[in-house]
Structures are given as structure tokens and as C-alpha cells.
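Let me begin by presenting the structure, written as C-alpha cells, before commenting on it.
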Amino acid sequence: MRVLHTADWHLGQRFISGHERTDEHRHFLEWLVQTVREQHVEVLVVAGDIFDTGSPSNQALELYYSFLLGMQNTGCRDIVVVGGNHDSPATLNAPARLLRHLRVHVVGCVPECFEEQVLVLDDAAGKPGLVVCAVPFLRDRDVRLSVPGETAEEREARIKQGIADHYLRLSEIEQVWQLKDLGLPVLATGHLYAAGAAPSDSERTIHVGNLGQVTADHFPVVFDYVALGHLHRPQRVGGREHIRYSGSPIPLSFSEIDHPKEVLLLDFESGKLAALQSLPVPGARRLLRFHGTLDEVTTGLTTYDNAGYLLPAWADVQIHSELTQLEVADALLAVIQALDRQQLEVLARRHFRLVKLRALGQEDEEADAPLTRSLHDFTEREVFEQRLEAEPEASRAELLRTFDELLERM
């Protein structure tokens with residue numbers, strides 16, 4: 001059985017100042033359909049965050065459904081889709097019964113019948129060939145019951161234990177063990193934050209996943225592979241080859257510009273994971289950082305070559321200078337206006353900053369500030385963190401955790 005693992009598409013994401021990512025996502029999905037066909041993939045697993053918001057745009061929905069339709073002619077027999085913390089369970093589950101006729105198995109949230117997370121997928125001969133424990137993002141109600149007056153430490157311990165118990169309960173389902181004993185491999189999914197993993201700036205803090213940071217040891221040994229989503233950097237968990245984040249297929253923030261983008265190709269033989277290889281995802285657009293003196297940044301911008309990319313690059317600019325913001329802005333404005341926007345575009349506001357150089361001990365309120373910044377340049381969490389500065393320091397951490405939980409439920 002050959003399986004492809006991907007996650008964290010974030011269809012419909014709007015980048016800084018509302019820049020659309022539709023063309024990049026379409027380029028990836030067309031490449032993915034072609035790759036599935038060429039690599040003779042039999043099962044595709046998408047480990048959460050298909051969409052960037054719970055109310056995806058019509059363009060994002062069109063990308064998703066067009067992709068599922070395009071997959072019908074690839075030879076891939078089954079597609080497994082689980083919900084992430086960005087996804088709305090209602091949006092994902094609404095067409096689930098219809099999609100099942102196309103052998104697309106959608107688990108947007110933990111179903112009322114716990115055993116419905118267990119999928120038995122047939123091989124090319126029409127016989128059971130793979131067991132998938134399709135675990136979506138586990139919300140607070142899925143893993144614990146609230147206890148009045150519990151401390152933050154007690155809550156963290158209960159969440160971690162709740163996540164571990166969820167996977168243990170799946171592994172103890174009789175059907176799973178029976179098929180495992182018959183020689184079928186067992187694959188589990190998850191959308192969470194595993195302890196020791198390296199995040200980037202673009203993952204939304206998730207109350208359950210971050211508090212409950214599970215370890216590799218929390219996944220039962222019955223699982224031959226654990227396909228994870230949520231973190232955008234591809235990586236192993238706890239050094240285990242079979243517990244993996246595939247990462248996002250396109251860079252979702254400037255903090256990801258040095259991360260490789262890939263999908264994972266798995267081969268199961270004789271009931272075990274026999275081979276695993278990463279397939280690099282070709283990028284349609286580069287995200288770049290130009291940080292340095294005014295002269296260094298100007299040289300970098302004017303000499304940049306975008307050869308090999310279908311779409312113009314997006315740049316993050318930071319100037320280190322003794323000049324004022326106005327002087328820096330005037331000097332750069334002519335450079336930016338002269339750029340070929342088919343090659344390179346400097347994103348406005350948040351990614352056009354001045355770091356003011358000053359003598360040791362000299363304070364400057366302008367240091368490390370964007371040249372222009374509006375409310376739209378902040379995330380909801382950043383706005384709330386600024387509001388917390390007016391609250392007693394001792395209460396800030398608990399208020400922030402409560403706010404994260406509220407965001408998650410919304």
C-alpha cells in the first residue's frame with residue numbers, strides 16, 4: 001500500500017495586507033494531483049487545516065472541490081481528510097456523506113460514535129489493506145471535562161492525559177487489533193502540538209494542543225505511522241521516524257522562508273512501514289527578507305532575480321539606519337517604485353520597518369517600529385496582548401490562556 005501524507009494547506013489564506021494566495025495554492029494542488037498519478041499513490045491523507053478559516057471563501061471552496069474531482073482520475077482509491085484547529089467541523093462534514101461515494105472519508109471532528117474514526121481501506125485486490133485511525137483536532141470537550149477551581153498545572157495534566165487516552169482507546173478497539181494481527185498496517189492521524197517540535201510564527205496558538213504537548217511515547221505501539229498536522233515545519237517527533245509532521249506545502253509566513261516544503265510518501269509492506277521518502281514541493285512564489293543597512297537593502301532589491309518562479313516574490317524589508325523614518329522612507333520609495341512588480345513586491349505596512357541605530361544607552365521610541373501600521377496588521381492575539389499590558393502581570397498568563405480557548409471555540 002502506498003500512502004501520501006500532507007497537511008496544513010490553509011486554503012483561502014490572506015497574507016499581509018490582504019494579499020491572496022489562491023494562485024500558489026492552485027499551483028500546489030495541480031502538482032499534487034500529478035504527483036499522486038505519477039507515484040501511483042493509493043491513499044492520500046490530509047492531516048488537518050485544509051482551510052485557513054472556519055468560513056472559507058468561495059475561491060477556497062472551489063479549490064478544494066476541484067482538487068477532489070481531479071483526484072478521481074489518478075488511480076488513488078481513497079482520500080482521508082481530518083479537521084484541524086482552523087477548520088470548521090460543520091463546513092468539512094456537510095458534504096461528507098456525498099463525498100463518501102467518491103471514497104473521500106471526512107472526519108471534521110470527533111464523531112458521536114467513537115468507532116467511526118476507524119477506517120478500513122481496501123487494497124488493489126479489494127481486500128482490507130490499511131487501517132486508518134482518523135483523529136481530527138481534539139477540542140477541549142473531546143479530551144476533558146472542566147473542573148471548577150483547577151489550577152493551570154492541573155488543567156494541563158488533564159488535557160495531556162485526555163489526548164493520550166483518546167489514542168489509547170482507539171488502539172484498544174477490537175477491530176483494530178484483529179486487523180493488526182492479520183498483518184494490516186495501522187496509520188493514525190493527529191492535529192496537535194507535540195513536545196519538542198519546532199513551530200514557526202504562522203501557527204495559531206491552540207489551547208488544547210499547546211497545553212497538552214504530547215510526546216512520542218503517548219502514541220501506542222500499534223500505530224505503524226502517525227501522520228501529524230499543525231506545525232508548518234516538516235519534522236520528526238521525538239526522533240521517531242514513523243511519527244511525522246509533513247509541514248505546510250507553501251510558506252505561510254516570513255518565518256518559514258528557510259523551511260523545506262514537502263509531502264511524505266509512505267510504502268507499507270507485510271504490515272509494516274517499509275519505506276519513507278520526502279517529495280519536495282515546487283514553489284510558485286518566493287518569500288524574501290532584505291535586512292541590513294539602506295545601501296545593502298537597496299542593492300538586494302535592485303539585483304534580485306526571480307528566475308524559476310511563476311509569481312512575483314514578496315519581500316520583508318528592515319532597514320538599520322541612523323536616519324529618521326521619513327528619510328528612510330523617501331530614500332526607499334524611489335527604489336520600490338522602480339521595481340518590476342512582475343519580479344518583486346515589497347509588502348506594505350507590517351513588513352516595511354526601520355530599526356533605528358543609536359548610541360549605547362540612548363533610547364529611541366522609533367526603534368524596531370513599522371513605518372506605518374494599522375489595526376489590520378495585528379492578529380487578534382496581538383491586540384489582546386497589548387490590552388493585557390494594562391492588567392496586573394500575575395493575571396496575564398491565565399487571561400491569555402482563556403483568550404486562546406475562546407479563539408479556538410470561535
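Residue numbers run from 1 in the order of the sequence given.
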Can you name the closest pair of heavy atoms from [X] and [Y] and give their distance?
| X | Y | answer |
| --- | --- | --- |
| Pro56 | Phe51 | CB-CD2, 3.5 Å |
| Ala188 | Tyr167 | CB-CE2, 4.4 Å |
| Val186 | Val222 | CB-O, 3.5 Å |
| Leu192 | Tyr245 | O-OH, 2.7 Å |
| Tyr65 | Pro95 | OH-CG, 3.4 Å |
| Ala313 | Tyr304 | CB-OH, 3.7 Å |

How about Asp78 and Leu44: do any of their side-chain heavy atoms sit closer than 4.5 Å? no
Thr6 side chain reached by Val45 side chain, heavy atoms, under 4.5 Å: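 No, side chains not in contact.
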Could you walk me through whether Val46 and Ile50 pass the side chain to side chain contact (heavy atoms under 4.5 Å, CB included) check? CA-CA 8 Å; Val46 188; Ile50 291 81; 4.0 Å; yes
For [X] and [Y], indicate whether the former's side chain and the latter's backbone hold a donor-acceptor pair under 3.5 Å.
| X | Y | answer |
| --- | --- | --- |
| Arg244 | Val237 | no |
| Asp87 | Gly84 | yes |
| Asp8 | Gly229 | no |
| Gln72 | Leu68 | yes |
| Thr74 | Met71 | yes |
| Asp305 | Ala307 | yes |
| Ser248 | Pro251 | no |
| Gln117 | Val110 | no |

[X] and [Y]: side-chain donor and acceptor closer than 3.5 Å?
| X | Y | answer |
| --- | --- | --- |
| Asp224 | His242 | no |
| Asp165 | Gln161 | yes |
| Thr35 | Gln39 | no |
| Glu20 | Thr22 | yes |
| Gln34 | Glu38 | yes |
| His191 | Asp49 | yes |
| Glu262 | His5 | no |

Return yes when atom [atom1] of [X] has more than 12 non-hydrogen atoms of other residues, nucleotides or ligands closer than 6.0 Å, and no otherwise.
| X | atom1 | answer |
| --- | --- | --- |
| Glu393 | CD | no |
| Arg396 | CZ | yes |
| Asn58 | CG | no |

Can you measure from [atom1] ([X]) to [atom2] ([Y]) and round to the nearest 0.5 angstrom?
| X | Y | atom1 | atom2 | answer |
| --- | --- | --- | --- | --- |
| Glu24 | Leu252 | CD | CG | 9.0 Å |
| Asp142 | Cys109 | CG | SG | 7.5 Å |
| His218 | Leu168 | NE2 | CG | 10.5 Å |
| Leu102 | Ile79 | CG | CD1 | 8.5 Å |
| Asp52 | Leu11 | CG | CG | 9.0 Å |
| Tyr225 | Leu276 | OH | CG | 5.5 Å |

Criterion ring-ring contact (aromatic ring centres under 6.0 Å, His included) on His291 and His320, from CA distance to verdict: CA-CA 8 Å; His291 292 186; His320 299 251; 7.0 Å; no
Which donor-acceptor pairs under 3.5 Å do side chains of residues 118-135 form with protein atoms, sequence neighbours excluded?
unit_1	atom_1	unit_2	atom_2	d
Asp123	OD1	Ala125	N	2.9
Asp123	OD1	Gly126	N	3.1
Asp123	OD1	Lys127	N	2.9

List the steps, then state whether side chain to side chain contact (heavy atoms under 4.5 Å, CB included) holds for Asp316 with Phe290. CA-CA 6 Å; Asp316 170 75; Phe290 294 100; over 6 Å; no
Could you go step by step and tell me if His166 and Phe114 meet the ring-ring contact (aromatic ring centres under 6.0 Å, His included) rule? CA-CA 10 Å; His166 189 97; Phe114 190 84; 4.8 Å; yes
Quick test of your reading of the model: are [X] and [Y] salt-bridged, counting only N-O distances below 4.0 Å?
| X | Y | answer |
| --- | --- | --- |
| Arg401 | Glu398 | yes |
| Asp23 | Arg26 | yes |
| Arg77 | Glu42 | yes |
| Arg158 | Glu154 | no |

Aromatic ring proximity Trp9/His25, centre distance under 6.0 Å: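 No - the distance between ring centres of Trp9 and His25 does not fall below the 6.0 Å cut-off.
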Would you please indicate if the ring centroids of His259 and His232 are separated by under 6.0 Å? no
Should Ser55 and Thr53 be marked as a side-chain hydrogen bond (donor to acceptor under 3.5 Å, both in side chains) after you check the CA-CA gap, both sets of side-chain angles, and the distance that decides it? CA-CA 5 Å; Ser55 302; Thr53 71; 5.5 Å; no
Under 6.0 Å from the six-membered ring centre of Tyr309 and within 45° of its axis: does the NZ or CZ of Arg285 meet both?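 No, Arg285 and Tyr309 do not form such a contact.
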Does the cation-pi check pass for Arg21 over Phe15, that is, NZ or CZ under 6.0 Å from the six-membered ring centre and within 45° of its axis? yes
Among Arg286, Arg289, Lys261, Arg233, salt bridge (charged side-chain N to carboxylate O under 4.0 Å, His left out) partner for Glu256: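 For Glu256, the salt bridge (charged side-chain N to carboxylate O under 4.0 Å, His left out) test succeeds with only one of Arg286, Arg289, Lys261, Arg233, which is Lys261.
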Leu187/Val226 under side chain to side chain contact (heavy atoms under 4.5 Å, CB included): CA gap, chis, key distance, verdict: CA-CA 6 Å; Leu187 180 151; Val226 182; over 6 Å; no
Atom pairs and distances, donor-acceptor, side-chain atoms in residues 264-275, under 3.5 Å, two or more places apart:
unit_1	atom_1	unit_2	atom_2	d
Asp267	OD1	Arg2	NE	2.8
Asp267	OD1	Arg2	NH2	3.4
Asp267	OD2	Arg2	NH2	3.0

